[in-house]
There are 2 protein chains.
Amino acid sequence: MKVRSSADLGAVIRDRRRQLKLDQAGFARKIGVSRQWVIEIERGHPRAELGLVLRALDALDLTLDATTDEARRQNSGGVDIDAIVAKAKRGGT
Amino acid sequence: MKVRSSADLGAVIRDRRRQLKLDQAGFARKIGVSRQWVIEIERGHPRAELGLVLRALDALDLTLDATTDEARRQNSGGVDIDAIVAKAKRGGT
DNA sequence: AGCATATGTCATCGTTCGCTGACAATCAAA
DNA sequence: TTTGATTGTCAGCGAACGATGACATATGCT
């Protein structure tokens, strides 16, 4: 998922934490912060510490990727399915 | 580039800032922080504010993506073109 | 309903943020 | 070398961080 705001970050963390069936307290212990911190982060606190955020993502097996908009247009998200299919129907690869 | 630590983040920001031919002062003004802040971030300061970091990345036209290790194995570089083409040749979408 | 677990709220406290302003250090070009 | 721009360092200050602990609501299960 794209992370453009601290609210996005909070959503990503909360969703993933629940996927892994961790409660806030266990999650907090795992990354060495207070449960308060988890609450604030998941709420989208914009002034949280970068380092703790990275620790949290790591604990959730989430990796952060920084890419330029152009680079992304060429790769992953922007595969031109229609063109591929059209060519495929014509017998191309 | 993958961002696992604040040092990574600093490197990404510095490289991209230079790509765009911005000096620290201009960059700082653009995102509404002090030049001091830029210096600290590029040095890898781990306790920087999340919100300011996101503003900085935005100003550099950098987008952050949070993905699980598994998800990345399935997607990014690895769109299953063969499967798509095979289905297309059969007349599917 | 009752109970246990999970989540959210509040106040307090020590630490550190990011800003400002002035001053070095570094580097490039004339 | 001298100039100018860029980058790095320092001290001081107000504001906010994150931790702690106690309390208040959910939420879920029998």
Side-chain angles (χ1 to χ4, degrees), chain A residues 1-68 70, chain B residues 1-71:
Chain A
M1 158 144 185
K2 291 199 209 321
V3 179
R4 296 184 189 283
S5 64
S6 51
D8 289 348
L9 198 269
V12 166
I13 288 183
R14 161 155 291 191
D15 291 352
R16 182 73 176 144
R17 173 177 66 79
R18 288 181 167 154
Q19 254 183 43
L20 300 182
K21 304 228 200 286
L22 287 169
D23 61 13
Q24 292 177 341
F27 181 44
R29 266 188 289 103
K30 192 171 181 184
I31 64 185
V33 298
S34 67
R35 193 168 63 85
Q36 260 293 349
W37 186 86
V38 173
I39 293 173
E40 301 271 341
I41 272 293
E42 294 192 349
R43 179 179 291 165
H45 186 80
R47 310 196 48 185
E49 284 188 18
L50 174 63
L52 299 182
V53 169
L54 293 175
R55 291 229 302 268
L57 292 175
D58 193 60
L60 296 172
D61 283 308
L62 285 171
T63 303
L64 234 39
D65 255 273
T67 57
T68 65
E70 331 133 28
Chain B
M1 162 152 185
K2 291 200 210 317
V3 179
R4 296 184 190 283
S5 65
S6 51
D8 290 348
L9 198 267
V12 166
I13 288 182
R14 163 157 290 193
D15 290 353
R16 182 74 176 144
R17 173 177 66 78
R18 287 181 169 156
Q19 253 182 44
L20 301 182
K21 306 225 199 285
L22 287 168
D23 61 12
Q24 292 177 344
F27 181 44
R29 267 187 283 102
K30 191 170 183 185
I31 63 184
V33 298
S34 67
R35 192 170 63 86
Q36 260 293 347
W37 187 87
V38 173
I39 293 173
E40 300 271 339
I41 272 293
E42 295 192 347
R43 179 180 291 161
H45 185 78
R47 308 197 49 185
E49 283 189 18
L50 174 62
L52 300 181
V53 169
L54 293 175
R55 290 229 302 268
L57 292 175
D58 193 59
L60 295 172
D61 284 309
L62 285 172
T63 302
L64 234 40
D65 255 273
T67 57
T68 65
D69 297 343
E70 332 136 28

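Residue numbering restarts at 1 for every chain, and letters A, B, ... go by the order of the sequence lines.
- As a whole-Å value, the separation of B/I41 CD1 from C/dC19 C1' is 15 Å.
- When each of B/I39 and B/E49 is assigned the nucleotide of DNA chain D with its nearest heavy atom, B/I39 is the one assigned upstream, toward the 5' end.
- Within the 4.5 Å cutoff, the side chain of B/L62 has heavy atoms near those of the A/T68 side chain.
- For A/R55 and D/dG18, the CZ to P distance is 11 Å, given to the nearest whole Å.
- Taking atom CD of residue A/Q36 and atom C1' of nucleotide C/dC13, one finds them 14 Å apart after rounding to whole Å.
- No engagement by B/A25 is indicated, since no non-hydrogen atom pair under 4.0 Å with the nucleic acid exists.
- Listed candidates were D/dT7, D/dG18, C/dT7. Nearest to the side chain of A/R14 is C/dT7.
- Note: CD (A/Q24) to P (D/dT27) measures 13 Å, nearest angstrom.
- Between A/R35 atom CZ and C/dT5 atom P the separation is 14 Å, expressed in whole Å.
- If you check every strand for non-hydrogen atoms under 4.0 Å, B/R17 touches sugar and phosphate atoms only.
- Distance, B/E40 CD to C/dT20 C1': 14 Å, rounded to whole Å.
- Side-chain atoms of A/R17 come within 3.5 Å of backbone N or O of A/L22 as a donor-acceptor pair.
- From B/R16, atom CZ reaches atom CE of B/M1 across 14.5 Å, with rounding to the nearest 0.5 Å.
- If you check every strand for non-hydrogen atoms under 4.0 Å, B/R29 touches nothing.
- Taking every side-chain heavy atom of A/A48 into account, D/dG18 is the closest of C/dT7, C/dT20, D/dG18.
- Test A/V33, A/I41, A/I13 against A/F27 for side chain to side chain contact (heavy atoms under 4.5 Å, CB included) and you get one pass: A/I13.
- The distance from atom CZ of B/F27 to atom P of D/dT6 is 15 Å, rounded to the nearest whole Å.
- Side-chain atoms of A/V53 and A/L57, non-hydrogen and from C-beta on, do get closer than 4.5 Å to each other.
- Look at CZ on A/R47: it is 12 Å from C1' on D/dG18, rounded to the nearest Å.
- Within 4.0 Å (heavy atoms only), B/R18 reaches no atom of the nucleic acid at all.
- Of the candidate nucleotides D/dG18, D/dG8, C/dT20, C/dT20 has the atom lying nearest to any side-chain atom of B/S34.
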